[in-house]
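In what follows, a structure is listed as structure tokens, so that the remarks can point back to it.
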Amino acid sequence: MASKRKLGTKNFYDLVYDVVKKIPKGRVTTYGHIAIMLGNPRAARAVGYALNALKKGSENKIPWQRVINAKAEISFKGDPLRSGLQKKILETEGVFFDKKSGKTDFNKYGWFPIK
DNA sequence: ATCGTGACGAACG
DNA sequence: CCGTTCGCCACGA
């Protein structure tokens with residue numbers, strides 16, 4: 001119940017969280033791909049918006065850190081502090097970033113189930 | 001219903 | 001490769 005809603009109806013947020021929860025440990029995906037799985041290839045922004053709305057308690061059960069942008073980098077504009085945390089968590093899970101470019105390897109850690 | 005906003009993305013130059 | 005511009009979408013005021 002990430003957000004209020006009538007029983008049986010889900011907000012876009014909830015759909016996003018649902019997909020994010022399915023991302024396997026040690027893998028990462030992009031906002032855009034999540035949007036695709038939701039049936040809205042153009043809703044990448046909305047996906048990011050949804051993750052931004054995560055509460056402190058929710059982040060405990062939702063692996064938001066496994067969602068990065070199409071450039072394979074950590075996004076997080078607002079809080080550089082959190083972005084550093086995200087990278088750290090991912091490294092703990094086995095997802096590493098190139099120290100120079102700050103990018104990871106989708107070929108190894110990418111999770112893009114076509115649906 | 002309309003407007004402003006934003007963890008995006010693809011297209012340009 | 002880098003910065004800019006434009007398009008898309010859902011949400012809250």
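Both backbone and side-chain heavy atoms feed into the values below; hydrogens, waters and symmetry mates do not. All chains are named by letter (A, B, ...) in the order of the sequence lines, taking the proteins before the strands, and each is independently numbered beginning at 1.
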Name the pairs: protein N/O against N/O of nucleotides 2-7 of chain C, kept only if under 3.5 Å.
unit_1	atom_1	unit_2	atom_2	d
C/dG7	O6	A/Arg45	NH1	2.8

Practice item. Give the rounded distance in Å between these two atoms: CG of A/Leu51 and P of C/dC9. Key: 19 Å
Revision key, fill the gap. When rounded to whole Å, the CD to C1' distance for the pair A/Glu73 and C/dC1 reads 12 Å
Revision key, fill the gap. Minimal heavy-atom distance between A/Glu73 and A/Asn69, with the atoms involved, is N-OD1, 2.9 Å
Check your understanding: Tell me, do A/Arg66 and A/Val95 make a side-chain contact under 4.5 Å, heavy atoms counted?
Key -> no
Review point. Taking any atom under 4.0 angstrom from a heavy atom of chain A, which nucleotides of DNA chain B are the first and last to qualify, 5' to 3'?
Key: B/dG6 to B/dG9
**Study point:** Heavy-atom pair with the smallest gap, counting every atom of A/Ala43 and A/Phe12
**Key:** CB-CZ, 3.7 Å
Exercise for review: Give the cluster check for A/Tyr31 versus A/Ile36: same hydrophobic cluster or not, with ILVMFWY residues linked at side-chain heavy-atom distances below 4.5 Å.
Suggested key: no
Review point. Is A/Pro63 close to A/Val20 at the side-chain level, that is, under 4.5 Å between some pair of heavy atoms?
Key: yes
Under 3.5 Å, which N/O atoms of the protein pair with N/O atoms of nucleotides 11-13 of chain C?
unit_1	atom_1	unit_2	atom_2	d
C/dC11	OP1	A/Phe12	N	3.3

Exercise for review: Take A/Ala46 and A/Thr30, find for each the nucleotide of DNA chain B with the closest heavy atom, and name the residue whose nucleotide sits nearer the 5' end.
Suggested key: A/Ala46
Practice item. Could you check whether A/Asn69 gets within reach of a base, just the sugar-phosphate, or nothing at all, counting any heavy atom under 4.0 Å? Key: sugar-phosphate
Check your understanding: How long is the gap from CG on A/Leu51 to CH2 on A/Trp64, to the nearest 0.5 Å?
Key -> 9.5 Å
Review point. Going by heavy atoms in the side chains, are A/Lys77 and A/Ser83 under 4.5 Å from each other?
Key: no
Check your understanding: What is the nucleic acid contact for A/Ser83, judged by heavy atoms within less than 4.0 Å: base, sugar-phosphate only, or nothing?
Key -> nothing
Point to revise | Positive for side chain to side chain contact (heavy atoms under 4.5 Å, CB included) with A/Val67, one of A/Ile62, A/Thr30, A/Ile74, A/Ile34 | key: A/Ile34
Check your understanding: Can you check whether A/Ala70's main-chain N or O pairs, donor with acceptor, with A/His33's side chain at less than 3.5 Å?
Key -> no
Practice item. Specify the closest pair of heavy atoms between A/Ala53 and A/Tyr17, including all atoms of both residues, with the distance to one decimal. Key: CB-OH, 4.0 Å
Review point. Taking CD1 from A/Ile34 and P from C/dA10, how many angstroms apart are they, rounded to a whole number?
Key: 15 Å
Review point. Base, sugar-phosphate alone, or nothing: which one does A/Ala43 contact when heavy atoms must sit under 4.0 Å apart?
Key: sugar-phosphate
Practice item. Take A/Phe106 and A/Phe112 through the ring-ring contact (aromatic ring centres under 6.0 Å, His included) test and state the conclusion after the steps. Key: CA-CA 9 Å; A/Phe106 278 148; A/Phe112 307 102; 5.2 Å; yes
